[in-house]
Asker: 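Below is a structure I'd like to ask you about.
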Protein chains: 2
Amino acid sequence: MCKSLIFEVQNVNQTIFIHYIRVKRITIKDIARDLKIHHSTVSRALRGSSTVSFDTRKKVNEYAREIGYQVNMNALQLRGSLKNMIAIVVPNIYHNFFSNVVSLVADLAFRKGFVVSIFQSNESYLQEKEIVQMLIRNNVAGVVASVSMETQDSGHLRALSKYRIPLVLFDRVCPDLEVTKVMVNNQEVVASATEILIERGYRHIAHISGPSHINVFGDRQAGYLSALKKHGLDYQRIVRIESGFTIDQGKETAASLFMEKTRPDALLCDSHLLSLGAIFKIRELQLKIPEDVGIVGFGDNPYIDSFNPGMISIVQPDALIASTVFELIFKRIENFDAAISETKMLPASIIEK
Amino acid sequence: MCKSLIFEVQNVNQTIFIHYIRVKRITIKDIARDLKIHHSTVSRALRGSSTVSFDTRKKVNEYAREIGYQVNMNALQLRGSLKNMIAIVVPNIYHNFFSNVVSLVADLAFRKGFVVSIFQSNESYLQEKEIVQMLIRNNVAGVVASVSMETQDSGHLRALSKYRIPLVLFDRVCPDLEVTKVMVNNQEVVASATEILIERGYRHIAHISGPSHINVFGDRQAGYLSALKKHGLDYQRIVRIESGFTIDQGKETAASLFMEKTRPDALLCDSHLLSLGAIFKIRELQLKIPEDVGIVGFGDNPYIDSFNPGMISIVQPDALIASTVFELIFKRIENFDAAISETKMLPASIIEK
DNA sequence: CAAATTATTGCACACGTGTGCAAATCCCTT
DNA sequence: AAGGGATTTGCACACGTGTGCAATAATTTG
């Protein structure tokens with residue numbers, strides 16, 4: 001009944017064994033046998049075809065329900081390369097920004113009858129590549145992604161086009177890839193936030209950011225620099241963090257910045273967790289926010305503001321991003337060539353405390 | 001090249017249309033044709049069979065890589081009901097507890113070569129049922145789930161057994177279902193937390209909980225009541241919230257509790273978001289924590305404690321839960337009948353501030 | 001009542017893959 | 001050169017489903 005065979009597969013960085021299990025499932029042929037009719041008739045009856053007599057249709061549907069028949073999607077998809085799964089690939093889901101967007105897109109897609117799968121790259125290019133290849137193997141209808149920090153090469157994403165699987169990138173995108181994109185006006189909003197700091201009198205503003213080859217961070221760094229230039233400030237300091245953002249990194253980076261000969265009096269943090277870490281470190285150092293140090297963070301945590309740590313928050317339009325992303329991927333699933341290379345730029349807002 | 005057909009499908013509560021797209025993909029037959037050999041030889045070559053000559057093997061693999069061939073998992077799964085996808089079904093991923101556990105299980109599974117899909121029931125029984133049926137249709141290797149608040153009937157989960165798809169429930173489980181379970185000692189830890197409140201002098205302790213038919217909440221309510229009884233306290237007050245937990249609900253519930261004739265002097269909150277809401281309301285009312293009101297919350301947010309709102313946190317062992325869950329689902333994927341109806345009870349801990 | 005029309009059902013194939021078995025090719029030995 | 005074993009390749013089928021087409025059954029028509 002249950003025969004198990006072992007299968008060698010080359011994974012990210014190790015050879016592992018996948019155990020494939022063989023079990024028999026209830027099929028239309030079982031129904032056909034029991035009802036003494038042909039399985040093609042069963043198929044038509046289940047699809048509600050009017051070429052099947054009402055009696056047969058009724059009998060088949062009732063019996064199918066009785067024995068708990070479920071169609072085998074693999075057969076269905078194999079037959080016609082039928083697809084009803086949308087995959088979402090994000091660096092992680094513990095950043096509220098990602099889990100919010102993912103949640104919202106998933107709900108919209110579910111309502112339209114799609115199955116939504118969520119995948120985490122863990123900010124690893126290799127894992128991201130592995131995931132994308134797996135998605136091709138699994139015949140997904142469409143892919144929504146925000147790339148990892150390590151991702152510079154976009155070959156794995158190009159492969160999706162080869163298989164005519166539509167792709168929509170959001171937030172973090174590949175600049176060299178001509179594909180549907182949903183982005184936030186990072187440069188503009190960070191420039192504004194920096195100006196707010198300047199207007200409030202801070203003169204030594206440091207920017208804790210990510211690798212500049214990622215549009216999100218490159219744009220923010222450009223916005224930061226343009227604001228400094230506009231106001232003729234000399235001091236400029238960008239710390240680029242290459243791996244994923246954590247609270248500890250926020251703490252450490254803040255600590256080392258405060259050790260530098262020219263101490264910053266304001267921190268512009270590109271991630272919610274970084275700003276939290278920075279705040280903890282600042283409190284440890286017995287400094288006050290915003291009197292001693294100004295903080296700008298990305299407030300993807302809806303309730304953190306309620307603790308009123310005195311920071312300025314840049315808020316991304318999660319719901320708008322999600323609905324735009326879904327609208328575009330849906331359009332492209334219906335017609336692969338539609339909205340290709342379309343870029344939407346959505347406005348972030350700033351909450352001053 | 002791209003023929004699109006429309007398909008009527010009965011969804012949760014509406015009839016919707018799924019657009020199935022037909023595209024042709026690169027197959028081993030393409031490789032066979034180009035290399036003028038039989039597709040079965042290609043198949044063997046790709047699998048690294050030693051019955052294929054070294055030259056042919058090399059030629060095939062190089063060509064496959066060159067044209068970007070990816071195996072069609074649908075065909076693979078259809079052939080032998082091969083399965084390499086683990087599905088995780090949770091009420092949502094915006095509660096840190098769930099996103100943490102999901103994240104960790106996903107990573108462990110990925111390392112073993114499984115593909116992990118994450119699904120949200122949104123605390124809805126109907127959506128949960130829909131998801132589970134879809135998982136059966138899609139031939140998953142195993143299912144990990146934490147049920148929605150609405151889930152009382154477990155028929156949809158039983159259906160998994162019929163198809164011999166292993167199931168591991170964690171945290172919120174179905175009491176009437178004989179299946180592998182990973183739980184936390186809720187009753188015990190809540191009893192302890194309640195006793196801590198009592199020892200600190202609080203006498204009117206209210207409990208904001210969930211529907212008692214869910215083990216997690218039923219157990220916690222029992223723990224709460226047993227502690228009160230043990231210390232001979234009269235006041236007992238349980239507010240049962242039937243839908244998902246939000247910050248606003250925490251606020252509202254706290255507000256209404258403080259309007260009652262006997263005002264509670266401590267709140268035991270069954271969710272992180274509930275306790276946050278309660279804290280905000282308490283601050284609004286100009287009350288102090290812990291002087292005026294004691295708060296116990298489920299601290300599934302690792303950094304919230306750093307804001308030191310003066311609360312007592314019950315911390316669940318996320319990593320241990322995740323590794324236990326994965327260990328069990330893996331065992332059951334290898335052998336469906338192993339560890340069935342095994343129940344693991346893991347210890348939560350209390351952080352006093 | 002026979003013929004024509006329509007309603008219903010069965011047959012066979014395709015989708016992409018892997019594998020048992022047979023056929024074909026190769027190399028070695030005598 | 002012929003036989004024999006070992007190596008390599010091809011053939012055919014199965015997995016579950018849906019659909020064009022043909023065959024049958026039921027109904028209507030003249």
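When reading the values below, keep in mind they use all heavy atoms of this one structure, side chains included, and skip hydrogens, waters and symmetry mates.
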Asker: Quick one: do the B/Arg25 and A/Asn139 side chains pair a donor with an acceptor below 3.5 Å?
Answerer: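 Side chains of B/Arg25 and A/Asn139: pair found under 3.5 Å.
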Asker: Atom CG of A/Leu78 and atom P of D/dT19: how far apart are they, to the nearest Å?
Answerer: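 Distance, rounded to whole Å: 14 Å.
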Asker: Just the table, please: protein N/O against nucleotides 24-28 of chain C N/O, every pair under 3.5 Å.
Answerer:
none

Asker: Measure CG/A/Asn72 against P/D/dG16 and give the value in whole Å, please.
Answerer: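 Interatomic distance, CG of A/Asn72 to P of D/dG16: 7 Å.
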Asker: How about B/Leu108 and B/Phe114: do any of their side-chain heavy atoms sit closer than 4.5 Å?
Answerer: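 SC-SC contact between B/Leu108 and B/Phe114 ruled out.
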Asker: Rounded to the nearest angstrom, tell me the gap between atom CG in B/Leu76 and atom P in C/dC15.
Answerer: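 Going from B/Leu76 (CG) to C/dC15 (P), I get 18 Å.
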Asker: Using only heavy-atom distances, determine whether the side chains of A/Asn72 and A/Thr27 contain a donor-acceptor pair under 3.5 Å.
Answerer: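 No donor-acceptor contact under 3.5 Å links the two side chains.
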Asker: A/Arg137 has an atom CZ; how far is it from atom C1' of C/dT17, in whole Å?
Answerer: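 For the pair A/Arg137 CZ and C/dT17 C1', the rounded distance is 14 Å.
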Asker: Does a nitrogen or oxygen in the side chain of A/Arg47 sit under 4.0 Å from OP1 or OP2 of D/dG18?
Answerer: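 It does, given that an N or O in the side chain of A/Arg47 lies less than 4.0 Å from OP1 or OP2 of D/dG18.
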Asker: Which residue is it: A/Arg332, A/Lys331, A/Glu342? I am looking for the one with a side-chain hydrogen bond (donor to acceptor under 3.5 Å, both in side chains) to A/Thr180.
Answerer: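 When A/Arg332, A/Lys331, A/Glu342 are each tested with A/Thr180, the side-chain hydrogen bond (donor to acceptor under 3.5 Å, both in side chains) holds only for A/Arg332.
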Asker: Quickly work out the B/Asn138 CG to D/dG16 C1' distance and round it to whole Å.
Answerer: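 Roughly 14 Å, once rounded to whole Å.
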Asker: Under a plain distance cut-off of 3.5 Å, with no hydrogens placed, do A/Glu128 and A/His156 share a side-chain donor-acceptor pair?
Answerer: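 There is such a pair between these side chains.
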Asker: What is the distance from CD1 of A/Ile26 to P of D/dC15, rounded to the nearest Å?
Answerer: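 Atom CD1 in A/Ile26 sits about 16 Å away from atom P in D/dC15.
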Asker: Within the sub-3.5 Å range, which N or O atoms of nucleotides 6-11 of chain D have a protein N or O partner, and how far apart are they?
Answerer:
unit_1 : atom_1 : unit_2  : atom_2 : d
D/dT9  : OP1    : B/Thr56 : OG1    : 2.7
D/dT9  : OP2    : B/Ser53 : N      : 3.2
D/dT9  : OP2    : B/Ser53 : OG     : 3.4
D/dT9  : OP2    : B/Thr56 : OG1    : 3.3
D/dG10 : OP2    : B/His38 : N      : 2.8
D/dG10 : OP2    : B/Thr41 : OG1    : 3.0
D/dG10 : N7     : B/Arg44 : NH2    : 3.3
D/dG10 : O6     : B/Arg44 : NH2    : 2.8
D/dC11 : N4     : B/Ser40 : OG     : 3.2

Asker: Side-chain contact test, heavy atoms from C-beta onward, threshold under 4.5 Å: evaluate it for B/Val105 versus B/Val116 and give yes or no.
Answerer: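 No - every pair of side-chain heavy atoms lies 4.5 Å or more apart.
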Asker: Can A/Asn122 and A/Asn92 be counted as having a side-chain donor-acceptor contact under 3.5 angstrom?
Answerer: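 Note: A/Asn122 and A/Asn92 side chains miss the donor-acceptor criterion.
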Asker: Separation of B/Ile31 atom CD1 from C/dG16 atom P, in whole Å?
Answerer: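 Roughly 12 Å, once rounded to whole Å.
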Asker: For A/Thr151 and A/Ser148, run side chain to side chain donor-acceptor pair (under 3.5 Å): C-alpha distance rounded to whole Å, both residues' side-chain angles, the deciding distance at 0.1 Å, then the answer.
Answerer: CA-CA 5 Å; A/Thr151 303; A/Ser148 86; 2.8 Å; yes
Asker: Just checking, is any N or O donor in the side chain of B/Asp153 or B/Tyr125 under 3.5 Å from an acceptor N or O on the other one?
Answerer: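 Yes.
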Asker: Quick one: A/Lys29 NZ to D/dC15 P, roughly how many Å, whole number?
Answerer: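 Atom-to-atom, A/Lys29 to D/dC15, this comes out as 6 Å.
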Asker: Output yes when at least one side-chain N/O atom of A/Tyr69 is less than 4.0 Å from OP1 or OP2 of D/dT17, else no.
Answerer: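 Answer is yes, contact under 4.0 Å.
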Asker: What's B/Thr27 touching, base or sugar-phosphate or nothing? Going by heavy atoms closer than 4.0 Å.
Answerer: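 If one applies the 4.0 Å heavy-atom cut-off, B/Thr27 turns out to touch the sugar-phosphate alone, with no base involved.
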Asker: Which one, D/dG18, D/dT17, C/dT17, comes nearest to the side chain of B/Ile28?
Answerer: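 For B/Ile28, the side-chain atoms sit closest to C/dT17.
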